[in-house]
2 protein chains.
Amino acid sequence: MKTRDKILLSSLELFNDLGERNVTTNHIAAYLAISPGNLYYHFRNKSDIIYEIFQEYEKLVDFYLDIPEDRPMTLDDMTFYLESVFDGLWSYRFFHRDLEYLLDRDPRLRSDYREFTNRCLSAISRIFEKLADSGIIEPQPESLRGAMSLNVWLVITNWMAYLKTAHAAKASASLSLHELKQGIYQVLTLEIPYLTPAYREQVMSLREQYRPTMPNQEEKREAPVS
Amino acid sequence: MKTRDKILLSSLELFNDLGERNVTTNHIAAYLAISPGNLYYHFRNKSDIIYEIFQEYEKLVDFYLDIPEDRPMTLDDMTFYLESVFDGLWSYRFFHRDLEYLLDRDPRLRSDYREFTNRCLSAISRIFEKLADSGIIEPQPESLRGAMSLNVWLVITNWMAYLKTAHAAKASASLSLHELKQGIYQVLTLEIPYLTPAYREQVMSLREQYRPTMPNQEEKREAPVS
DNA sequence: GTATTATTAGAGTATATACTCTAGGGAGTC
DNA sequence: GACTCCCTAGAGTATATACTCTAATAATAC
């Protein structure tokens, strides 16, 4: 693998594990056993590394949230969207942790992220619309759908922070993808009141699969749906 | 005012305006026109300053969220809780911005914050319970109430981050308390499906008072309810 | 007044961090 | 062999940051 790609990969790994704030360019170089000079040959500065990683993240989520317009939406589709979004969140989890600081430091990132959020909000809203078309949820007026989508977004993007700050007793408590996906339980909680009788039971039992286990009573098991 | 209190006050102000990460102890001392030595005479380190500020925050919110058990809950009570919580969030807004980093650095803070979150979640759940007792919302089973409360908490604590990252086009865009309180609109959105017919109209029109104005079309006006 | 204690100034320090600069190796081409 | 281009090493630097140390001054107690 090319040094440039190795830098991106290792940076992401270190950022995710330690937080961007705790990872210096010298750390990254040392981790890869290359010289700082080498790193700076490939990237002008730390911001450029982060920006490029963000672009990968963006591409991934955009790909997942591409809503097919030629067919109705199924429950499986919805599950797929939820699973995918949380997978993406997991792979680039450093990003939301230091979001405000990162955006303050890099205007490109700020502006790109703003648009990214808007695209995601539109996608969520579109999903609600299509779920209503399929008779899975009751149709809602546009204005309510907007506010609901925003709430879904807030829950999704901040579920991890909740786990890391309020849930875990120890700082080093290793967070698992499985725990992260319990966020799906929270998202489905938002949908409950809007479910149609025809699908109510199905969605409720889907939701049940993501029910959080008690903190520190975590049992090791596979994610319920893949 | 005593130097010690001045340090706490100015630190909070600087943290809120610039972010804890961008405020050094030397900055604080310079801002107060005192020497670093003086600052370190009053506080052993930066963490101690932050910890003490957190304790004030905690005290404030605990005070606001004290639910009186001797009388039913009114809509005005609910409005008061929402307004108060967002006021507190505003006054100590630096805190949630760098939460993860702060908790990683100070184990006392981590453990206190964990308990603080749990108290808040209980209070929210208790509010839902009493709102049901008063016939404002439909009663819900305990398990649903818990998940709903958590969603309310996620929306409340992360509304500000949303405004600062996705909403504002410029980094320096000054956030106002008024904008922050549009978070109340989002919280009330969560309640909509559970409202009883008797109160539905009233709550919907309360919610309307917090409706967000379009970004950059912000008109200067007072917060609708005080 | 004197002893004691609380407070303050301000220079200084150890460490870290993002980044630079120069020199050179290796591979391909003519 | 010489030239070029891409890549790499590694010492080095300017700046920042959290914090220390000593000495002096103000406040208080007796």
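Keep in mind that this is a model prediction, so the values were computed, not measured. Residue numbers start from 1 in every chain, and the chains themselves are labelled A, B, ... in the order their sequence lines are given, proteins ahead of strands.
- The ring of Tyr57(A) has its center closer than 6.0 angstrom to the ring center of Tyr92(A).
- Note that Arg207(B) lies in the cation-pi zone of Tyr185(B), set by a 6.0 Å cut-off to the ring centre and a 45° limit from the axis.
- Shown here for Ile53(A) and Ser11(A), the closest heavy-atom pair between the two residues is CD1-CB, 4.0 Å.
- Ring centers of Tyr113(B) and Phe95(B): under 6.0 Å apart, within the cut-off.
- Here chain A contacts DNA chain D (any atom closer than 4.0 Å to a heavy atom, that is under 4.0 Å), and the contacts span dC6(D) to dG10(D) from 5' to 3'.
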task: Encode nucleotides 4-9 of chain C as B, S and - characters from 5' to 3', where the letter depends on protein heavy atoms closer than 4.0 Å: B to the base, S only to sugar-phosphate, - to neither.
output: --SBBB
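- Seen from the ring of Phe128(A), Arg145(A) does not count as a face-on cation partner, given the 6.0 Å and 45° thresholds.
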task: May I have the step-by-step check of salt bridge (charged side-chain N to carboxylate O under 4.0 Å, His left out) for Arg97(A) and Glu20(A), ending in yes or no?
output: CA-CA 8 Å; Arg97(A) 170 173 173 164; Glu20(A) 179 271 344; over 6 Å; no
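- Taking the six-membered ring where the residue is Trp, Phe94(B) and Phe15(B) present tilted rings, their angle falling between 30° and 60°.
- His96(B) and Trp153(B) have perpendicular rings, their planes meeting at more than 60° on a 0 to 90° scale where under 30° would count as parallel.
- Atom CG of Leu39(B) and atom C1' of dG10(C) are 14 Å apart (whole Å).
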